[in-house]
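Heavy atoms only: backbone and side chains are in, while hydrogens, waters and symmetry mates are out.
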Amino acid sequence: MALLPILTAPDPRLKKKAKPVEKVDDGVRKLMADMLETMYAAPGVGLAAPQVGVSLRAIVLDVAREGEPPAPMKLVNPEIVWASDDDASYEEGCLSVPEHYAEVVRPRAVKVRYRDESGAAREIAAEGLLATCLQHEIDHLDGILFLDHLSALKRNMILRKLLKEKKAAERGDEKDAKDEHGDSPLHTL
Ligand SMILES: [Zn+2]
C-alpha cells in the first residue's frame with residue numbers, strides 16, 4: 001500500500017466528472033486500498049478517487065467514532081437512488097479544502113447503489129454522518145465540492161484564501177501558509 005498525494009482546491013482536476021469503473025479489477029482494488037490508507041493518515045473519514053488525481057468513480061470512507069472498531073467501506077460506481085425529503089445540516093470539512101469548515105444542508109437520509117470490491121452489486125441505506133459522507137464523496141465524482149453548496153460570496157472567500165495559502169506554501173513562506181486556522185476539525189470528508 002502507498003500514501004497518495006491529495007489535491008487541494010482550487011485545482012481543475014477536482015472539478016472534472018469522473019468516469020465509471022468498467023471492471024473491478026486488481027488495479028481498482030489497489031487504488032481503493034491506497035485511498036483508505038491515505039484517508040486514515042490524513043486523517044479524514046472519506047476520500048474520493050478524483051481527490052488523489054484519479055478520474056474514476058470510486059470512494060472510500062469510515063465513519064466509525066473514536067473508540068469504535070474501524071469500519072472501512074469501499075464503493076465503486078456509487079449512485080444515489082433515493083434521498084429523503086427532509087434535510088439535515090452538518091459542519092463539513094474536506095481533505096481537498098484544508099482548514100475550512102462550513103454548515104452544509106443535504107437530504108437527511110439516502111439509499112446508495114454501488115459495486116463492492118468483488119464487483120458485486122449492493123445497496124446501502126444511510127442516515128446521519130454516513131448519509132452526509134456518502135453524498136459529499138459522490139459529489140466529488142461529479143466535480144462538486146462542499147463549497148459549491150455555499151453562497152458564492154462564502155465560496156469565493158474560501159477559494160481566495162486557499163489560493164493565497166497555496167502560493168505562500170510554494171514560496172516556502174510558512175507563516176503566510178498557516179494563517180487563520182479554523183476550529184479543530186470535526187469531520188474532514
Ligand atoms: Zn471532500
Novice: What are the two closest heavy atoms between Arg13 and Leu7, and how far apart are they?
Specialist: NH2-CD2, 3.4 Å
Novice: As a quick check of understanding, evaluate side chain to side chain contact (heavy atoms under 4.5 Å, CB included) for Lys74 and Met35, giving each step before the final call.
Specialist: CA-CA 9 Å; Lys74 300 169 182 172; Met35 282 168 59; over 6 Å; no
Novice: List in chain and number order the residues that pass side-chain contact (heavy atoms from CB on, under 4.5 Å) with Pro98, two or more places apart in sequence or in another chain; answer none if no residue qualifies.
Specialist: Thr8, Leu162
Novice: Which residues satisfy the side-chain contact (heavy atoms from CB on, under 4.5 Å) test with Asn77, sequence neighbours excluded?
Specialist: Pro20, Val21, Arg57
Novice: For Leu4, does its backbone N or O pair with a side-chain atom of Thr38 as donor and acceptor, under 3.5 Å?
Specialist: yes
Novice: What closest approach, in Å, do Met39 and Val60 show between heavy atoms, and which atom pair accounts for it?
Specialist: SD-O, 3.9 Å
Novice: Partners of Glu123 by salt bridge (Lys or Arg N to Asp or Glu O under 4.0 Å), sequence neighbours excluded?
Specialist: Arg113
Novice: Measure the spacing between NE2 of His100 and OG1 of Thr188 and express it to the nearest 0.5 Å.
Specialist: 12.0 Å
Novice: When clusters are formed by joining ILVMFWY residues with side-chain heavy atoms under 4.5 Å apart, either directly or through shared neighbours, do Tyr101 and Leu14 land in the same one?
Specialist: no
Novice: Nearest 0.5 Å, what's the CG-SG distance between Leu47 and Cys94?
Specialist: 8.5 Å
Novice: By salt bridge (Lys or Arg N to Asp or Glu O under 4.0 Å), which residues pair with Asp25, not counting sequence neighbours?
Specialist: none
Novice: Starting at CG of Asp86, measure out to OG of Ser84 and round the result to the nearest 0.5 Å.
Specialist: 4.0 Å
Novice: Can you tell me if Tyr90 uses its side chain to pair, donor with acceptor, with the backbone of Glu103 under 3.5 Å?
Specialist: no
Novice: For Val97 and Ala9, which heavy atoms make the closest approach, and how far apart are they?
Specialist: CG2-CB, 4.5 Å
Novice: Which pairs pass side chain to side chain donor-acceptor pair (under 3.5 Å) with one or both residues in residues 59-73, sequence neighbours excluded?
Specialist: Tyr40-Asp62
Novice: Side-chain heavy atoms under 4.5 angstrom apart, residues restricted to Ile, Leu, Val, Met, Phe, Trp, Tyr: same cluster for Leu56 and Leu75?
Specialist: no
Novice: Using the test side-chain contact (heavy atoms from CB on, under 4.5 Å), find all partners of Ile124 that sit at least two apart in sequence or belong to another chain.
Specialist: Met73, Val112, Tyr114, Leu130, Leu134
Novice: Run the side chain to side chain contact (heavy atoms under 4.5 Å, CB included) test on Ile138 and Ile59 for me, step by step, so that the C-alpha distance in whole Å, both residues' side-chain angles and the decisive distance to 0.1 Å come before the verdict.
Specialist: CA-CA 7 Å; Ile138 292 170; Ile59 64 175; 4.2 Å; yes
Novice: What are the two closest non-hydrogen atoms of Ala109 and Ala131, and how far apart are they?
Specialist: CA-CB, 4.2 Å
Novice: Which residue pairs satisfy the ring pair (Phe, Tyr, Trp, His ring centres under 6.0 Å) criterion with at least one member in residues 140-166, sequence neighbours excluded?
Specialist: His136-His140
Novice: Kindly write out the residues that satisfy side-chain hydrogen bond (donor to acceptor under 3.5 Å, both in side chains) with Asn156, not counting sequence neighbours, or none if the list is empty.
Specialist: none
Novice: Taking the side chain as every heavy atom from C-beta outward, state whether Ile6 and Ser96 have any pair of such atoms under 4.5 Å apart.
Specialist: yes
Novice: Other than Val81, what residues sit in its cluster of Ile, Leu, Val, Met, Phe, Trp and Tyr side chains whose heavy atoms are under 4.5 Å apart, directly or through others?
Specialist: none
Novice: Counting neighbours of CG on Asp85 that are heavy atoms of other residues, nucleotides or ligands and sit closer than 6.0 Å, is the number greater than 12?
Specialist: no
Novice: To the nearest 0.5 Å, what is the distance between CZ on Arg155 and CG on Leu159?
Specialist: 7.5 Å
Novice: Tell me, yes or no, whether the heavy-atom count around Lys15 atom NZ, taken from other residues, nucleotides or ligands under 6.0 Å, exceeds 12.
Specialist: yes
Novice: Out of curiosity, Glu127 CD to Arg108 CZ, how far, rounded to the nearest 0.5 Å?
Specialist: 5.5 Å
Novice: Please enumerate all residues that pass side-chain contact (heavy atoms from CB on, under 4.5 Å) together with Pro50, with sequence neighbours excluded.
Specialist: Ala18, Ala48, Leu141
Novice: Does the side chain of Thr132 come within less than 4.5 Å of Val63's, by heavy atoms?
Specialist: no
Novice: Starting at CD of Gln51, measure out to CG of Leu145 and round the result to the nearest 0.5 Å.
Specialist: 8.0 Å
Novice: Quick one, Leu61 with Val45, criterion side chain to side chain contact (heavy atoms under 4.5 Å, CB included). Give me CA distance, side-chain angles, the key distance, then yes/no.
Specialist: CA-CA 5 Å; Leu61 47 118; Val45 300; 5.9 Å; no
Novice: By salt bridge (Lys or Arg N to Asp or Glu O under 4.0 Å), which residues pair with Arg29, not counting sequence neighbours?
Specialist: Asp26
Novice: Check the hydrophobic clustering (I, L, V, M, F, W, Y; side-chain heavy atoms under 4.5 Å; chains of links allowed) and say if Leu95 and Ile158 are grouped together.
Specialist: no
Novice: Run the side chain to side chain contact (heavy atoms under 4.5 Å, CB included) check on Arg106 and Asp139 step by step: do they pass?
Specialist: CA-CA 11 Å; Arg106 302 178 184 273; Asp139 266 359; 3.0 Å; yes
Novice: When you group the ILVMFWY residues by side-chain heavy-atom contacts below 4.5 Å and let the links chain together, are Val54 and Leu36 in the same group?
Specialist: yes
Novice: Could I get the full list of salt bridge (Lys or Arg N to Asp or Glu O under 4.0 Å) partners for Lys30, not counting sequence neighbours?
Specialist: Asp34
